[in-house]
Amino acid sequence: TGPIILPSEPIDLFFDIEVDTMRDFCYLHGFVERRGGISGKETFINFFADQVDPKDEEQVFRDAYTFMTSRPDCAIFYYAPYEWTTYKKLQAKYPGVCSASDIDRLFERPETVDLYTDIVKKLTEWPTRDMTIKTLAQFLGFKWRDANPSGAASIRWFDDWVSTSDPKIKQRILEYNEDDCLATRVVYDSLKKF
């Protein structure tokens with residue numbers, strides 16, 4: 001419904017977080033990194049809190065923030081305001097990692113784009129029942145590896161991980177997060193074609 005302008009940088013980062021809302025604990029910051037716009041050779045980078053401990057939550061927040069800010073030649077794409085809102089909360093909880101203005105600078109830069117709020121909702125129409133990442137990515141042919149992918153399921157898996165430390169459960173969480181990042185890339189690529 002309008003011109004779509006997306007940043008073009010040597011590195012694309014497709015970003016998604018997982019939060020246990022029952023514990024108010026951000027346990028995973030995941031990124032799919034694509035260089036030179038070449039799909040199929042992306043790298044999944046994640047920062048996972050192995051313990052439900054504020055020190056672990058702070059460390060993975062610090063690691064993820066450092067990872068993003070250490071790449072000045074990257075564009076960052078996420079889907080919906082949740083990541084920015086959560087980063088504001090994490091900054092208030094752990095002010096030693098960065099300042100509130102640092103978070104705003106990261107998310108307000110033109111190379112950081114909320115695909116849903118900035119592009120999909122404002123500038124597109126889809127023949128789907130809604131415009132969630134799950135709906136649009138599936139409409140575009142993307143399939144999650146898990147049979148029942150959802151943020152709620154990820155929270156349940158994390159709770160199982162906390163009580164068992166079963167590496168298969170952790171792998172399931174990581175694969176789900178990676179697929180969310182890849183789904184964001186699929187939607188981005190479709191928008192870029194528009």
Side-chain angles (χ1 to χ4, degrees), residues 6-7 9 11-33 44-122 131-134 149-163 165 169-170 173-174 176-181 183-185 187-188:
L6 293 163
E9 296 291 326
I11 300 172
D12 296 324
L13 291 179
F14 302 96
F15 171 46
D16 184 64
I17 58 173
E18 306 298 333
V19 177
D20 182 337
T21 52
M22 305 302 284
R23 293 181 171 101
D24 188 28
F25 187 81
C26 183
Y27 56 92
L28 176 56
H29 306 249
F31 302 87
V32 162
E33 181 180 83
F44 178 58
I45 297 122
N46 70 83
F47 304 97
F48 187 91
D50 285 316
Q51 303 294 322
V52 181
D53 183 308
K55 290 178 187 172
D56 283 22
E57 184 181 43
E58 180 178 12
Q59 188 60 54
V60 296
F61 172 47
R62 180 186 318 292
D63 292 345
Y65 174 77
T66 301
F67 174 75
M68 285 189 282
T69 57
S70 69
R71 286 165 167 68
D73 58 346
C74 78
I76 301 171
F77 302 98
Y78 59 102
Y79 202 85
Y82 192 63
E83 277 68 22
W84 191 353
T85 302
T86 301
Y87 265 50
K88 286 181 179 182
K89 289 179 184 175
L90 287 169
Q91 186 284 321
K93 207 171 181 181
Y94 306 112
V97 171
C98 60
S99 69
S101 59
D102 289 334
I103 295 297
D104 287 340
R105 265 193 304 279
L106 175 64
F107 282 89
E108 288 173 352
R109 63 196 275 274
E111 297 83 15
T112 302
V113 180
D114 173 347
L115 289 176
Y116 173 72
T117 305
D118 298 339
I119 308 293
V120 170
K121 188 177 174 185
K122 288 181 183 175
M131 293 188 289
T132 66
I133 191 69
K134 301 280 190 302
S150 72
S154 178
I155 293 169
R156 184 173 41 82
W157 303 331
F158 181 69
D159 190 57
D160 293 343
W161 157 257
V162 168
S163 59
S165 297
I169 295 171
K170 181 177 179 179
I173 296 166
L174 293 173
Y176 166 71
N177 182 263
E178 180 180 8
D179 284 349
D180 272 359
C181 293
T184 304
R185 194 260 301 150
V187 171
Y188 165 82

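No experiment lies behind these values; they were computed from the predicted model shown.
Comment: Glu33 engages Arg71 in a salt bridge, judged by a side-chain N to carboxylate O separation of less than 4.0 angstrom. Note on Arg105 versus Asp102: salt bridge recorded, some NZ/NE/NH1/NH2 to OD/OE distance being below 4.0 Å.
In this structure, the side chains of Glu111 and Ile76 stay at 4.5 Å or more apart for every pair of heavy atoms. Within the 4.5 Å cutoff, no side-chain heavy atoms of Leu90 are placed close to those of Val97. You'll find the side chain of Val32 stays beyond 4.5 Å of the side chain of Thr184, heavy atoms only. Leu28 has its side chain within reach of Leu174: a pair of non-hydrogen atoms, C-beta onward, lies under 4.5 Å apart. Contact of the Met22 side chain with the Asp159 side chain is not registered, since no non-hydrogen atoms from C-beta on lie closer than 4.5 Å. Proximity of Glu58 to Lys55: side-chain heavy atoms (C-beta onward) are nowhere separated by under 4.5 Å. The closest side-chain heavy-atom distance from Val113 to Pro7 is below 4.5 Å.
Between atom OG of residue Ser165 and atom CG of residue Asp50 there is a gap of 8.0 Å, rounded to the nearest 0.5 Å. Between the CD1 atom of Ile173 and the CD atom of Glu178 there is a distance of 14.0 Å, given to the nearest 0.5 Å. Within the model, atoms CD of Glu83 and CG of Leu106 stand 11.5 Å from one another, a figure rounded to the nearest 0.5 Å. For the atom pair Ile133 CD1 and Asp179 CG, the distance stands at 11.5 Å (nearest 0.5 Å). With rounding to the nearest 0.5 Å, the separation of SG in Cys74 from CZ in Arg109 is 5.0 Å. Atom CZ of Phe107 and atom OG1 of Thr85 lie 9.0 Å apart (nearest 0.5 Å).
Residues Gln51 and Phe25 approach most closely at O-CZ, 3.3 Å, considering heavy atoms. Nearest heavy-atom pair, Val52 versus Arg23, reported as atom, atom and distance to 0.1 Å: CG1-CD, 3.6 Å. Contact record, Ala49 with Val60: N-CG1, 3.7 Å, taken as the closest heavy-atom pair. Annotation for Phe31 and Met68: closest pair CE2-CG, 3.5 Å, computed over non-hydrogen atoms.
Between Phe15 and His29, the angle of the ring planes stays under 30°, which puts this pair in the parallel group of the 30/60° scheme. Between Tyr27 and Phe158, the ring-plane angle classifies as parallel under the 30° and 60° cut-offs. Using cut-offs of 30° and 60° on the angle between ring planes, the pair Phe14 and Phe77 is parallel.
None of Tyr78, Tyr79, Tyr82, Trp84 except one satisfies the ring-ring contact (aromatic ring centres under 6.0 Å, His included) rule with Tyr116; the exception is Tyr79. Of the residues listed (Asn46, Asp180, Ile155, Thr86), the one engaging Glu18 in a side chain to side chain contact (heavy atoms under 4.5 Å, CB included) is Asp180, and it is the only one.
Looking only at distances, a side-chain donor or acceptor of Asn177 sits under 3.5 Å from a matching main-chain atom of Asp16. A donor-acceptor pair under 3.5 Å is formed between the side chain of Asp114 and the backbone N or O of Ala80.
When ring centroids are compared, Tyr87 and Tyr65 stay outside the 6.0 Å threshold.
Residue Lys93 qualifies as enclosed at atom NZ: its count of foreign heavy atoms under 6.0 Å is above 12.
Side chains of Tyr94 and Glu57: a donor on one and an acceptor on the other come within 3.5 Å. No hydrogens or angles considered: nothing links the side chains of Thr66 and Asp63 as a donor-acceptor pair under 3.5 Å.
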